[in-house]
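Source: prediction; values computed, not measured. Naming convention: chains lettered A, B, ... in sequence-line order (proteins, then strands); numbering from 1 in each chain.
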Amino acid sequence: MLSLLWLIPVLPLAGFLLLALCGGRLSRQHIAWVGCGSVGAAAVTTALVAIDFFSLFPAREFYQQTSWNWIDTSGMTVGISWYLDALSLLMVAVITGIGFLIHLYSAEYMAHDDGYARFFAYMNLFVAAMLTLVLADNLLLLYLGWEGVGLCSYLLIGFWYREPEYGTAAQKAFIVTRIGDTALAIGLFILFTQFKTLSIQQVQSLATGAWPVGSNLAMIVAVLFLIGAVGKSAQLPLQVWLPDAMAGPTPVSALIHAATMVTAGVYLIARMHHLFELAPMVQEGIAVLGLVTLLLAATSALVQQDIKRVLAYSTMSQIGYMFLALGVGAWPAALFHFLTHSCFKALLFLAAGSVIHSLHHEQNIFKMGGLRRHLPWTFWTFLIGAAAMSGVPLITSGFYSKDWILWSVWSSPLSHRWIWFGALLGAMLTGLYSFRLIFRVFFGEVRTQPTGESGLAMRLPLVVLAFLALTVGFLEMPHTLGNVTLFSHYLSHALPTTALLPGMDESSEAREQLAVTVAALLGIGLAALLFLPGSLFGARGTDQSTTHPSMTLLQGGWGFDRLYDRLFVQPWFAITRNSSDMVDRGYEWLAVCAESCHGWLSHTQTGQVRWYAASIAVGTLMLLGLFAM
Amino acid sequence: MLSTPALVLAIILFGLGLIGLLSRRNILYMLLSLEIMLNAAALAFIAGGARWGQVDGEIMFLFILTLAAAEVSVALGIVLQLSHRFRTLDADAFCEMRG
C-alpha cells in the first residue's frame with residue numbers, strides 16, 4: 001500500500017482539473033461531490049499508506065518513490081519524487097484530514113455563491129500543491145508546491161474579485177510572501193552550486209560534512225531559508241499580509257491561513273533542521289523573532305473589531321509559539337503545537353464562519369452578542385476552540401502543546417529566562433483575547449438577529465474538530481501528568497529530541513506548569529472581568545469609538561502597514577511617476593527609432609506591381625553580386 | 001559543349017522577359033513576360049541536366065510546366081476580375097490599397 005503514495009497529491013489535482021475543465025457543466029451537487037470527494041479519497045489513501053508505514057515503522061524510517069523524471073540535463077537531475085517519513089506523514093494527515101472537513105463545511109457555506117465550481121477548483125489545487133510541498137523529496141519540487149500554495153492563496157483571497165479591496169488584499173499577500181520566496185530561491189541556488197544536488201536528505205548530509213558549525217555559508221543559507229519561512233508563516237517583519245488575507249471566504253481562512261499554508265514555514269525549518277543546527281545564531285534569532293511576533297500579534301488581537309481579524313492575529317501569535325519552539329531546539333514540541341493548533345484554529349474559523357453565516361455576513365463583534373441561545377452548536381464548539389487556544393489545563397489539547405513549548409523554553413540550553421517570561425505573558429494574553437471574543441459574541445443582549453443554526457454539513461466538521469481539539473493533546477503528556485510520550489517517540493525518528501539543561505527535574509517542571517496554568521486562567525478571568533456584560537467593568541464594553549492613539553496603533557498591528565507604506569510603497573510610486581526616468585528614456589528612443597524607420601519604409605509601399613518586381617530584381621542582383629565576391 | 005549556348009540563350013530570354021515585365025503597363029503583356037522568364041529558367045534546368053547527364057533537369061522542367069499552367073489559370077481569373085472592376089488593364093491603376 002505504500003506504493004500508493006503518489007496518489008495522495010494526484011487525487012486533488014485530478015479534482016482540480018475536472019472542476020476547472022468542465023465545472024461549468026456540472027450541477028452544484030456534483031461539484032460538491034467532486035470537490036470533497038477528491039480530498040476525501042486522498043485522506044483515505046493517506047490512512048492506507050499510514051497503516052502500512054506503521055506496520056514497518058521503527059525498522060524502516062522512511063519511504064521514497066520516484067514517479068518520473070522532471071528535469072534531466074547533464075549535471076542536474078530532478079525527479080517528481082516523494083519522501084515519506086514521520087514528519088511528512090504527520091503533515092499529510094493534517095492536510096488531508098482537516099482539509100476534507102473544511103471542504104465538507106464549504107459545500108454548505110458556499111452553497112449560494114456564483115463561483116461554486118471555481119471555489120472548489122482552487123481549493124483542490126491548493127490541497128494538491130500543499131501535499132506536493134510536504135511530500136517533496138527534493139527542494140525544487142518543494143519550491144513548486146511552495147509557489148503553488150502561494151498562487152492558490154492569492155486566488156482565494158481575491159475570490160470575490162468584484163470588490164477592488166479584496167483584489168488589493170490578494171495582491172498584498174502575493175507580493176509580501178514573494179519577498180520570502182525570492183530569498184528561498186537564492187538559498188536553493190547557493191545549495192545547488194555548493195553540492196550539485198537538491199535532494200533534501202543529500203544536501204543536509206553533505207552540508208553537515210562540509211560546513212563547520214557557525215560557518216559563514218551555513219549562516220547565509222539558513223538566513224535565506226528563514227526569510228522564506230517568515231514570509232509564508234506571517235512572522236515579523238513580513239507579517240502584514242495575514243490580517244488583510246481575511247478578505248477571502250471563511251473556509252479559505254480556516255484551511256489556508258490557519259491550519260496548513262501558514263505553517264509551511266514551520267515545516268520548512270523542521271525539515272531543514274540539520275542546516276539550522278549548523279547556524280546556532282540564526283536559530284537563536286528564530287526564537288527571538290517568534291517571541292516578538294507572538295507578543296505583537298497578541299496585543300493587536302486584543303483590540304480588533306472584526307471577528308476574523310482577531311483570529312488572524314491569534315494565528316500569527318500561535319505560529320510565533322511554534323517558531324519559538326523551533327528556535328530553542330524543541331522540534332517535536334513545535335510540531336505538536338502545529339497539530340493541536342490546526343485542530344483548534346480550523347475549529348475557531350469554521351465556528352466564526354457559522355456565526356457570520358447566520359448574521360448575514362456581519363463581522364464586527366460589537367454588533368454581535370447573545371448568540372449563546374440562538375446558536376448552541378456554534379457556541380459550544382467555539383468555546384472548546386477558545387479554551388484550547390488559551391490552554392485551559394488538563395482537558396484541552398492546547399494546554400499540553402503550549403505547556404510543552406514553555407517547558408522546553410524554560411529548560412533548553414539554547415534559551416534565556418526573559419524569553420520564557422515573554423512567552424508566559426503571551427499565554428496570558430491568549431486567554432484574554434480568546435475569551436474577549438466569547439463574551440462579546442455569545443453573551444449579553446442580542447444586537448443582530450441571527451437566522452438560526454446552520455445545517456448538518458457545517459455542524460459535523462465543527463463537532464469532529466471540537467472532539468479533536470479536546471483529545472489530540474492526550475498523545476503527549478508531561479512527566480508530571482501521566483507521562484505519555486507517543487508523539488515524541490513517533491517523531492524521534494525524523495527530528496532530534498529536545499536537549500535539557502542539567503538539574504531539570506519533575507518538581508521544577510511542576511512549578512513551571514503551575515505558572516503556565518495560572519497565566520492562562522488569569523487571562524480568562526481578566527477577560528470575564530473586563531468584557532462579560534454585568535461584571536465589574538463589563539458595562540463599558542459597548543464603547544467602540546475609542547480613538548486613543550495607542551488603540552489605533554494596536555488596531556493597525558503596531559503601524560507596520562504605515563511604516564512599509566512610507567518606506568517602500570510611496571518612494572516606489574514616486575520613482576515610477578517621474579517621467580524623466582533614465583530607463584524610460586532608453587525605451588522612448590527605441591520607440592522613436594522604430595517609428596521613423598516605419599515612416600521611411602512605408603514610402604516604398606506604393607501598391608505598384610512593377611515597382612515591386614523591379615525591387616525584387618535589383619535585390620536579387622545585389623545578393624548574387626555579394627555571393628560572387 | 002552544347003550547354004553553354006543554351007545557357008546564354010536562357011539568360012537572354014530571362015533578360016528580355018524582365019525588361020518586358022518592368023516596361024509594359026498592360027497586365028496581359030506582363031503575364032506574357034513572366035511566362036518567358038519561367039521558360040528561360042526551365043531551359044537553364046534542361047541545359048544543366050544535359051551537362052551532367054542527369055534526369056533531374058527534365059523533372060524540374062515538368063514541375064515548372066505544371067507551375068506555369070497553374071499560375072496562368074489563377075492569374076487570368078484575377079485579370080478578368082480586375083478588368084471587370086476597373087475597366088482597364090493598366091497595372092499602375094491597381095494601387096488603391098498602397099500595398
Side-chain angles (χ1 to χ4, degrees), chain A residues 20-22 24-25 72-74 161-162 164 167 171 572-573 575-629, chain B residues 7-8 10-45 48 64 67-68 71-72 74-99:
Chain A
L21 294 179
C22 48
R25 265 166 273 158
D72 192 1
T73 58
S74 61
Y161 55 87
R162 289 198 178 84
Q171 282 174 11
W572 177 251
F573 278 133
I575 290 171
T576 51
R577 250 185 248 117
N578 195 351
S579 56
S580 64
D581 181 3
M582 291 304 287
V583 183
D584 259 9
R585 272 291 155 81
Y587 289 110
E588 273 166 18
W589 178 80
L590 208 64
V592 169
C593 255
E595 237 170 45
S596 55
C597 282
H598 156 77
W600 298 332
L601 282 175
S602 67
H603 286 305
T604 62
Q605 293 285 83
T606 54
Q608 292 190 345
V609 152
R610 297 188 307 145
W611 170 252
Y612 295 163
S615 51
I616 289 171
V618 171
T620 316
L621 273 179
M622 274 164 66
L623 272 182
L624 283 176
L626 215 65
F627 280 121
M629 274 196 287
Chain B
L7 277 179
V8 171
I11 290 170
I12 292 169
L13 278 177
F14 192 87
L16 284 174
L18 187 61
I19 292 167
L21 182 73
L22 296 181
S23 58
R24 287 286 183 169
R25 286 170 68 177
N26 189 318
I27 197 154
L28 273 178
Y29 280 100
M30 286 171 74
L31 279 178
L32 277 176
S33 311
L34 254 174
E35 288 304 310
I36 291 171
M37 287 165 75
L38 274 174
N39 280 307
L43 182 60
F45 270 114
I64 290 174
L67 180 112
E71 180 245 55
V72 162
V74 174
L76 283 180
I78 296 175
V79 168
L80 268 180
Q81 283 296 320
L82 283 173
S83 71
H84 269 300
R85 194 155 299 179
F86 291 93
R87 298 276 157 213
T88 172
L89 285 177
D90 185 357
D92 288 354
F94 313 141
C95 62
E96 276 189 338
M97 286 178 69
R98 304 221 147 260

**Evaluation steps, side-chain contact (heavy atoms from CB on, under 4.5 Å), between R610(A) and R25(B)** = CA-CA 8 Å; R610(A) 297 188 307 145; R25(B) 286 170 68 177; 3.6 Å; yes
If one checks every heavy atom of A617(A) against chain B at 4.5 Å, the contacting part turns out to be side chain
Okay, L22(B) and chain A: the region with an atom under 4.5 Å from a heavy atom over there is both
By side-chain hydrogen bond (donor to acceptor under 3.5 Å, both in side chains), N26(B) pairs with (sequence neighbours left out) none
